[in-house]
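Below you'll find the structure, written out as structure tokens, and then a few comments.
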Amino acid sequence: MKEQLETIQQEALAKIEDAEGMTSLQDIRVAYLGKKGSITKVLKGMGQLSPEERPVIGEMANKVRNIITEAIEEKAAKLEGAALNEQLESETIDVTLPGRKVNVGGPHLLTSIVEEIEDLFIGMGYEIKEGPEVETDYYNFEALNLPKDHPARDMQDSFYITNELLLRTHTSPVQARTMESYKGERPFKMICPGKVYRRDSDDATHSHQFTQIEGLLVDKNVRMSDLKGTLDKFAKQMFGKDREIRLRPSYFPFTEPSVEMDISCKVCNGDGCSVCKGTGWIEILGGGMVHPKVLEMGGYDPSVYSGFAFGMGPERIAMLKYGVSDIRSFYMNDIRFLKQYHHA
Ligand code: 2U9
């Protein structure tokens, strides 16, 4: 039985030495130390031994069991250590390697321009108002001094949904709704950005859907000079403090008098070039003093209150500011175009 135990010990230690992994090590543990293991079998054979031999074999069997147990623990620790190193190896990050490029998105150029203009007017104490894109004929036209048969309606070819409902052709109805909501009781100043729709065939400078930002200020003793001052501040903040503005007479049904505002051409600094078609000036927006009829329909007494209003197209401003030649590129969702302006 002694030899048997020595053989078992050598054999077990040899197998433990060659064990590749935890599972094979576990199999060895079971094979030698388990309930049906070799050591256990030897101990079960103790009965046939003489009383003198029993304690000797018993002690030896326990010594062999402990030697095999320790050898297994030692090997297990080695294997775990090796597995950990391997894992650490495989998981070591070469910090010198360049990081994986994460494609970050960015605001649409139009969104940047609209937010830039919003911040500008918020800085001047204006509220930002929004309104429905599906508008009634009353707020889109009548409240703005464009009665049913008014010829100027044709200037804004519309997408009618019913006789009384259409896709708004400008954001002016939002101003009309705001005036009504203040019931002619208090002064206010607001701008309203948003999408507008006109039944137009798309080309490089026209789109059936485009963006507008309109503004309205109503108070007592508001004069054209207030409008000019406001537009001059806007132009200098938007296009550079070295830019001059000029106002030219114009016509809008909802303002009287009406103007169009130009800024001095940055390319030729006013001397005339292809960008400004030789005029030295570039048209940016329209505006004027709110028509008394419009104030009245908004619930404001034109003998007490007056106001100015203006309207601009952010696409046009973006095209000028970033040299975009085709308005349709704003809506084509061509990533190659859009990502140029992520940091606009
Ligand atoms: C109310 C009173 C007055 C809004 C105005 C303009 C002039 C204007 C154009 C800008 C670019 C249209 O898209 S565009 O071509 N708009 O020039 N808009 S005055 O006047 C209002 C609006 C509402 C109650």
Side-chain angles (χ1 to χ4, degrees), residues 114-115 117-148 150 152-153 156 158 164-196 211-234 237 247 250-261 285-314:
V114 168
E115 284 173 2
I117 295 170
E118 287 178 351
D119 295 346
L120 219 158
F121 282 97
I122 288 169
M124 289 195 252
Y126 283 66
E127 300 169 77
I128 309 290
K129 296 277 187 185
E130 302 208 339
E133 293 185 13
V134 176
E135 196 40 289
T136 65
D137 183 275
Y138 172 77
Y139 283 114
N140 194 79
F141 286 123
E142 298 189 40
L144 294 153
N145 195 25
L146 283 155
K148 285 252 182 286
H150 194 291
R153 282 196 182 207
Q156 303 186 5
S158 317
E164 283 312 312
L165 279 182
L166 70 158
L167 295 184
R168 66 181 181 190
T169 58
H170 48 187
T171 58
S172 311
V174 181
Q175 283 117 300
R177 288 172 177 277
T178 305
M179 268 205 289
E180 247 182 39
S181 68
Y182 290 144
K183 301 183 184 56
E185 288 149 1
R186 47 158 287 192
F188 67 91
K189 45 189 175 182
M190 49 134 340
I191 63 167
C192 54
K195 286 205 285 296
V196 298
T211 321
Q212 262 195 350
I213 295 183
E214 294 198 357
L216 175 65
L217 178 147
V218 173
D219 202 337
K220 296 177 182 156
N221 313 319
V222 178
R223 296 177 296 280
M224 181 63 94
S225 54
D226 299 311
L227 174 62
K228 186 169 183 182
T230 302
L231 296 180
D232 186 58
K233 190 173 168 53
F234 162 77
Q237 287 195 352
L247 300 183
S250 179
Y251 168 79
F252 301 102
F254 26 78
T255 50
E256 186 55 43
S258 301
V259 295
E260 252 147 28
M261 182 195 89
L285 57 83
M289 302 312 289
V290 181
H291 196 291
K293 268 204 198 137
V294 173
L295 284 172
E296 221 150 26
M297 282 189 275
Y300 279 79
D301 177 350
S303 66
V304 177
Y305 283 93
S306 56
F308 67 63
F310 52 84
M312 65 189 84

With the side chain counted from C-beta on, respond yes when Tyr138 and Met297 share a heavy-atom pair under 4.5 Å apart, and no when they do not.
-> yes
Here the salt bridge (Lys or Arg N to Asp or Glu O under 4.0 Å) pairs for residues 287-305, sequence neighbours left out, are none
- request: Examine distances only and state if a side-chain atom of Thr136 and a backbone atom of Tyr139 form a donor-acceptor pair shorter than 3.5 Å.
  value: yes
For residues 183-194, dump all side-chain donor-acceptor pairs below 3.5 Å to protein atoms at least two apart in sequence or in another chain.
| from | atom 1 | to | atom 2 | distance (Å) |
| --- | --- | --- | --- | --- |
| Lys189 | NZ | Met124 | O | 3.0 |

Residue set satisfying ring pair (Phe, Tyr, Trp, His ring centres under 6.0 Å) with Phe234, at least two apart, ordered chain then number -> Phe121
Note: Ala309 and Leu227 closest approach over all heavy atoms is O-CD1, 4.0 Å
Hey, what's the ring geometry for Phe310 with Phe308, parallel, tilted or perpendicular (30° and 60° as the breaks)? tilted
- Message: Between Val290 and Gln175, is there a side-chain heavy-atom distance shorter than 4.5 Å?
- Response: no
- Query: Backbone N or O of Thr171 within a donor-acceptor pair of the Gln212 side chain at under 3.5 Å?
  - Reply: yes
For Leu166 and Ser158, the nearest pair of non-hydrogen atoms, with its separation, is CD1-CB, 3.6 Å
request  = Using a strict 4.0 Å threshold on nitrogen-to-oxygen distance, state whether Lys148 and Glu164 make a salt bridge.
outcome  = yes
Sorted by chain and residue number, the side-chain hydrogen bond (donor to acceptor under 3.5 Å, both in side chains) partners of Gln237 (sequence neighbours excluded) come out as none
Distance col, row Leu231:CG vs Met312:CE, nearest 0.5 angstrom, shows 7.5 Å
Problem - Heavy-atom side-chain proximity of His170 to Leu144 below 4.5 angstrom - result: yes
Checklist entry - Does Asn140 reach the main-chain N or O of Pro173 with its side chain, forming a donor-acceptor pair under 3.5 Å? => result no
Salt bridge (Lys or Arg N to Asp or Glu O under 4.0 Å) pairs touching residues 168-181, sequence neighbours excluded, are Glu135-Arg177
Could you tabulate the donor-acceptor pairs under 3.5 Å formed by side-chain atoms of residues 216-226, not counting sequence neighbours?
| from | atom 1 | to | atom 2 | distance (Å) |
| --- | --- | --- | --- | --- |
| Arg223 | NH1 | Asn221 | O | 3.1 |
| Asp226 | OD2 | Arg223 | N | 2.6 |

